[in-house]
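Some notes on the structure that comes next.
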Amino acid sequence: MNQVSPPTSVEQLMQRAEGLAGLTLAEIAAQLSIKVPQDLRRDKGWVGQLFEAALGAEAGSKPEQDFLHLGVELKSIPLNAAGLPLETTYVCVAPLSDVTGMRWEQSLVYHKLQRVLWIPVEGERHIPIGERHVGMPILWQPNAKQLSQLQQDWEEIMELISLGKVSQITARHGEVLQLRPKAANSKAMTTSIAEDGSLQMTNPRGFYLKTQFTAEILRNYFG
DNA sequence: GACTGATCATGG
DNA sequence: CCATGATCAGTC
């Protein structure tokens, strides 16, 4: 497959991203000699990985921004015909133990969302994967209000975790940020804080951005 | 139709 | 197991 070198500047990254706009996923995949799956049931991260390859993101699963040297995180965002997000957006795993003294400014959520390159893509299931079109990219930085909403939700959720109430947290907690299972399946287990302060085993969780929040981000750019 | 809990693939 | 990339799919 054709290798794309890491972008050396944000401007170069944006030019590459803008070059994808209007193309179909099949066209992008062909340039990289990547095979297009029939559906995403067994390839849920395929679109995101295609964009990583097309833009020169480093492969790997480090808990960092995709373009660490540029301070940019890459996210694909599936939209319906009305231009609204079809799915929540995964941000990162949530720490469920060793959370004492953790502050918002040092959290993984804060760092990953410092600057995000959103790439919209048609996501309705009736459209074959290869025929889905890519939209214009958005380089987003949270404004003061968004930052405050994120911090408030993060602090509320982290407090519940620190109090050993992780099992009581549902996706309804949080206005813009939610905590949900993030694992291979419901049998996966990790260590979390119990109500008596000891440690217990729980299903791993991740932070996700709610669709209304990402819809607002898109609206601020596209009207 | 939206939402929440569950799930799939891959690499270290 | 953990972390990346996310979407699936049953229920509300």
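All figures in this text were calculated on a predicted structure; none of them were measured in a lab. Per chain, numbering begins at 1; letters A, B, ... match sequence-line order. These values consider heavy atoms only, across backbone and side chains, with no hydrogens, waters or symmetry-generated copies.
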Once you round it to whole Å, what is the distance between [atom2] of [N] and [atom1] of [X]?
X        : N     : atom1 : atom2 : result
A/Lys62  : C/dC2 : NZ    : C1'   : 15 Å
A/Gln178 : C/dA6 : CD    : P     : 16 Å
A/Ile127 : C/dT7 : CD1   : C1'   : 15 Å
A/Gln65  : C/dG5 : CD    : C1'   : 16 Å
A/Leu108 : C/dA3 : CG    : P     : 9 Å
A/Glu124 : C/dT7 : CD    : C1'   : 15 Å
A/His173 : B/dG5 : NE2   : C1'   : 15 Å
A/Phe207 : B/dT4 : CZ    : C1'   : 17 Å

Strictly distance-based, threshold 3.5 Å: is any side-chain N or O of [X] a donor or acceptor partner for the main-chain N or O of [Y]?
X        : Y        : answer
A/Glu124 : A/Ala81  : yes
A/Gln200 : A/Ile193 : yes
A/Asn185 : A/Ala188 : yes
A/Asp153 : A/Glu175 : yes
A/Glu131 : A/Pro128 : no
A/Gln178 : A/Ala171 : yes

Joint hydrophobic cluster, [X] plus [Y], side-chain heavy atoms closer than 4.5 Å:
X        : Y       : value
A/Trp118 : A/Met14 : no
A/Leu117 : A/Leu23 : yes
A/Leu55  : A/Leu50 : yes
A/Leu74  : A/Leu25 : yes

Between protein and nucleic acid, restricted to nucleotides 10-12 of chain C and to nitrogen or oxygen atoms under 3.5 Å apart, what atom pairs and distances do you find?
none

| message | Give me each pair satisfying side chain to side chain donor-acceptor pair (under 3.5 Å) with a member in residues 203-223 of chain A, each pair once, sequence neighbours excluded. | response | A/Gln146-A/Glu216

| DNA chain C: 5'-proximal contact among A/Arg132 and A/Thr191 (nearest heavy atom) | A/Thr191

| Test side-chain hydrogen bond (donor to acceptor under 3.5 Å, both in side chains) applied to A/Gln12 - qualifying residues, sequence neighbours left out | A/Thr8

| query | A/Arg172 near the nucleic acid: base, sugar-phosphate alone, or nothing, with a heavy-atom cut-off under 4.0 Å? | reply |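 If one applies the 4.0 Å heavy-atom cut-off, A/Arg172 turns out to touch the sugar-phosphate alone, with no base involved.
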
| field | Selected nucleotide, minimal atom distance to A/Arg125 side chain, candidates B/dC3, C/dA9, C/dG5 | value | C/dA9

| request: Return the orientation label for the A/Trp154 and A/Trp104 ring planes: parallel under 30°, perpendicular over 60°, tilted otherwise. | output: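 Tilted, since the angle between the ring planes falls between 30° and 60°.
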
| task | Look at the side-chain N and O atoms of A/Tyr90 and state whether any lies under 4.0 Å from the OP1 or OP2 oxygen of C/dT4. | result |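 So the side-chain polar atoms of A/Tyr90 do come within 4.0 Å of the phosphate oxygens OP1 or OP2 of C/dT4, strictly under.
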
| message | Tell me the closest heavy-atom pair linking A/Leu79 and A/Leu218, and the distance in Å. | response |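 Minimum heavy-atom separation between A/Leu79 and A/Leu218: CD2-CD1, 3.5 Å.
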
| field | Relative orientation of the end axes in the helix from B/dG1-C/dC12 to B/dG12-C/dC1, expressed as an angle to the nearest 10° (five pairs per end) | value |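 Roughly 30° between the end axes, to the nearest 10°.
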
| query | Could you write nucleotides 7-12 of chain B as a row of B, S and -, 5' to 3', where a protein heavy atom under 4.0 Å of any base atom gives B, of only sugar-phosphate atoms gives S, and otherwise -? | reply | BBS-B-

| field | Contact residues, residues 73-89 of chain A to DNA chain C [heavy atom, < 4.0 Å] | value | A/Glu73, A/Lys75, A/Ser76, A/Pro78, A/Glu87, A/Thr88

